[in-house]
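Written below as structure tokens is the structure these notes are about.
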Amino acid sequence: VKKDDMFFFSLITFKVEDCLFRVPRLAFEKESDVFKGMFLLPRGEIADSEVDGSSEEKPLVLEGVKAEDFRCLMRVLFPLPRSPYWTAYYMTSAQWISVLRLSHMWCFNGIRSLAIAELEKDAFLDVVKKVELAYAFDISSWIRPACYTLAMRRDSLSLEEGIRLGMDFVIKLGLVRDVRYRWQIGNAGCDQSAQLNRQPAPLF
């Protein structure tokens, strides 16, 4: 009897907080540079049954990770057939942020791109949150649009928003708002077409 080349999976058991997960190892090898490198490390004289992740008694412990975040990543990595409400496409923005966090940390590059694309569809995602995510997870394409949304809005930043964004960002945003105000004053008498041709140079 031979093992099928495509459909004979080795399983791996993870312990995340107080929860065990047992899933096909192949997806981690194919999708994550971090796990691929981990699995390639030499294990010396250790028997298969003693390798971390080989069983419930010997799980691979993921420290500093929340079980709910890991579950969200698993929903994307292993969508269950014929269960539409379990698939990735019915997840909330908070759950996609969990996916983004772990896919960024473990270099699941394809899943990271998917999480970014799904979050971009959310018109109700707080712009301050988008700035936080952009800086935390290196999403450079989000930074300038979010900054200009904040710079162009009528209301100033609240104290809570300022704390979340940090002093450096708040100072830069204040400069942008000041330039915008001075530009509006200087072009108050121009018609609309002239104003469009004389927009201030971008600062972000």
Side-chain angles (χ1 to χ4, degrees), residues 30-34 64-66 68-77 79 84-204:
K30 294 291 187 182
E31 300 290 341
S32 168
D33 292 341
V34 171
V65 177
K66 295 180 180 180
E68 181 56 34
D69 288 351
F70 192 72
R71 187 174 296 110
C72 291
L73 180 64
M74 295 304 95
R75 285 177 63 174
V76 180
L77 202 55
Y85 292 100
W86 178 253
T87 64
Y89 303 100
Y90 286 88
M91 296 204 303
T92 65
S93 288
Q95 291 171 322
W96 276 115
I97 290 171
S98 295
V99 174
L100 176 61
R101 180 180 297 110
L102 296 187
S103 62
H104 178 83
M105 179 169 67
W106 290 328
C107 297
F108 284 91
N109 296 323
I111 293 177
R112 178 181 179 275
S113 296
L114 176 61
I116 292 171
E118 290 295 322
L119 287 168
E120 285 177 340
K121 297 176 184 178
D122 186 357
F124 299 100
L125 185 63
D126 174 26
V127 66
V128 174
K129 187 64 176 180
K130 289 194 77 169
V131 174
E132 290 180 305
L133 294 173
Y135 280 108
F137 304 119
D138 194 25
I139 312 172
S140 58
S141 62
W142 283 9
I143 295 175
R144 181 175 290 181
C147 290
Y148 271 90
T149 297
L150 291 171
M152 298 299 287
R153 78 179 190 181
R154 185 180 298 274
D155 296 333
S156 299
L157 290 176
S158 67
L159 177 60
E160 179 191 0
E161 290 174 331
I163 292 172
R164 289 168 60 189
L165 292 170
M167 180 66 73
D168 183 66
F169 183 90
V170 170
I171 291 173
K172 290 179 180 179
L173 185 63
L175 292 173
V176 173
R177 290 177 68 90
D178 183 63
V179 169
R180 171 179 171 256
Y181 174 75
R182 292 175 183 275
W183 178 85
Q184 287 179 328
I185 295 298
N187 291 274
C190 297
D191 60 31
Q192 186 175 10
S193 61
Q195 289 188 30
L196 291 174
N197 290 327
R198 296 171 60 186
Q199 292 285 343
L203 298 182
F204 283 100

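For the numbers below, each heavy atom of this structure counts, side chains included, while hydrogens, waters and symmetry mates do not.
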If you define the side chain from C-beta out and look only at heavy atoms, does anything of [X] sit under 4.5 Å from [Y]?
| X | Y | value |
| --- | --- | --- |
| Arg112 | Ile139 | yes |
| Trp142 | Ile116 | yes |
| Val128 | Glu160 | no |
| Ser98 | Leu73 | no |
| Asp33 | Asn109 | yes |
| Met91 | Val76 | yes |

*Applying side chain to side chain contact (heavy atoms under 4.5 Å, CB included), run through Arg71 and Gln95 and close with a yes or a no.*
CA-CA 9 Å; Arg71 187 174 296 110; Gln95 291 171 322; over 6 Å; no
_I need the Tyr135 OH to Leu165 CG distance, nearest 0.5 Å._
9.0 Å
*Out of curiosity, Phe169 CZ to Leu150 CG, how far, rounded to the nearest 0.5 Å?*
5.5 Å
*Sequence neighbours excluded, which residues qualify as salt bridge (charged side-chain N to carboxylate O under 4.0 Å, His left out) partners of Arg101?*
Asp69
*Only counting residues at least two apart or in another chain, list the ones meeting salt bridge (charged side-chain N to carboxylate O under 4.0 Å, His left out) with Asp168.*
Lys172
_Using modelled atom types and a 3.5 Å cut-off, is there a donor and acceptor pairing between side-chain atoms of Glu118 and backbone atoms of Ala115?_
no
Going by the rule side chain to side chain contact (heavy atoms under 4.5 Å, CB included), which residues pair with [X] if we only count those two or more places apart in sequence or in a different chain?
| X | result |
| --- | --- |
| Glu31 | Leu77, Phe108 |
| Lys129 | Ile97, Leu125, Asp126, Glu132, Leu133, Arg164 |
| Ser140 | none |

*Residue list, side-chain hydrogen bond (donor to acceptor under 3.5 Å, both in side chains) with Ser156, at least two apart or on another chain*: none
